[in-house]
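Keep in mind the model is a prediction, meaning the values are calculated, not measured. Chain naming here is simple, since letters A, B, ... match the order of the sequence lines and numbering starts at 1 in each. Heavy-atom basis, side chains included; hydrogens, waters and symmetry copies ignored.
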Number of protein chains: 2
Amino acid sequence: MKLLASLTLAAVVSTLALPVMAQFQKPEDAIKYRKSVMTVQAAHFGRIGAMVNGRVPYDAKVVADNAAIVETMSKLPWSAFGPGTDKGETRALPAIWTEQAKFKEGADKMQSEVAKLSAASKTGNLDAVKTAFGAIGQSCKACHDDFQQKQ
Amino acid sequence: MKLLASLTLAAVVSTLALPVMAQFQKPEDAIKYRKSVMTVQAAHFGRIGAMVNGRVPYDAKVVADNAAIVETMSKLPWSAFGPGTDKGETRALPAIWTEQAKFKEGADKMQSEVAKLSAASKTGNLDAVKTAFGAIGQSCKACHDDFQQKQ
């Protein structure tokens with residue numbers, strides 16, 4: 001059972017490691033990239049939030065456009081958490097690498113919630129958007145609580 | 001003629017200004033956002049470049065996937081060049097705001113070249129991808145030469 005767990009972890013690590021080796025020349029490039037992805041994602045998620053929270057009048061097209069960008073971004077950061085990217089200008093906690101299966105589970109959960117927001121945004125139903133938006137917020141928080149150093 | 005130019009400039013400025021006011025709370029948020037967009041865009045453009053330049057074996061799906069991300073990103077940074085975002089952690093030159101029509105022309109040119117890359121990537125024809133890739137590179141360089149401080 002322990003061997004199986006080790007093999008599974010090794011498979012997860014190598015899956016995460018390969019794209020990083022191929023895609024980033026230096027660990028700091030990967031760190032800068034994943035932080036940039038999060039910045040862009042947060043900006044567009046926030047624009048939906050402004051409508052969900054009633055600070056800005058609801059506009060179904062704006063929500064759908066922003067949800068599409070969030071969906072694109074939600075798929076990107078994960079390959080940038082490869083070996084060697086745990087040090088430097090990053091708030092990433094060691095748990096990302098010591099609890100890879102849990103980290104991957106959180107990443108997958110977030111992406112599936114974002115896909116639901118994207119689908120909801122196409123219906124034009126604000127209540128459906130609100131529900132999906134809230135679920136994403138919870139999945140963001142869960143991962144950040146476990147895997148990101150507090151500021 | 002001078003009045004017409006002033007009116008045109010005013011229209012361009014207010015078009016650019018409105019989204020910024022709505023989308024970013026502070027000028028530094030807009031600066032961080034547009035730099036993040038450029039970082040993500042450059043990473044994915046670079047992955048296509050690796051295949052165009054033969055450093056990585058050509059894979060039509062990888063090119064198409066990356067071109068789609070570049071296309072999404074190519075539309076984003078422009079609203080983040082609003083008033084007040086000329087100072088701070090930025091290499092943006094004053095010409096962006098004093099020559100707005102030229103800046104917009106460069107931005108439009110880049111987006112139309114990126115759309116061509118996206119179309120070319122779907123054909124699976126590497127030569128078409130190479131041509132479109134080169135044109136984007138030129139449009140990046142033209143804008144950076146005119147509007148970005150040298151490092």
Query raised in the report: Would A/S79 and A/R34 count as having a side-chain donor-acceptor pair, cut-off 3.5 Å?
Result: no

Query raised in the report: Within 45° of the axis and under 6.0 Å from the centre of the six-membered ring of A/F24, does NZ or CZ of B/R47 qualify?
Result: yes

**Report entry** Heavy-atom contacts under 4.5 Å, residues 112-121 of chain A to chain B
**Finding:** none

Query - B/M38, part contacting chain A, at a heavy-atom distance under 4.5 Å - result: neither

Query raised in the report: Knowing that exactly one of A/W78, A/F103, A/F81 qualifies, which makes a ring pair (Phe, Tyr, Trp, His ring centres under 6.0 Å) with A/F147?
Result: A/F103

Query - Sidechain-backbone polar pair: A/K35 side chain, A/E89 backbone, donor-acceptor under 3.5 Å - result: yes

Query raised in the report: Any sub-3.5 Å donor-acceptor pair from B/W97's side-chain atoms to B/G84's backbone N or O?
Result: no

Query raised in the report: Are B/V70 and B/V56 connected, step by step, through hydrophobic side chains (Ile, Leu, Val, Met, Phe, Trp, Tyr) whose heavy atoms are closer than 4.5 Å?
Result: yes

Query raised in the report: salt bridge (charged side-chain N to carboxylate O under 4.0 Å, His left out) with B/K102: which of B/D108, B/D146, B/D145?
Result: B/D146

Requested in this report: Just give me the residue among B/I69, B/D29, B/V40, B/T72 that pairs up with chain A most often, heavy atom to heavy atom, under 4.5 Å.
Outcome: B/V40

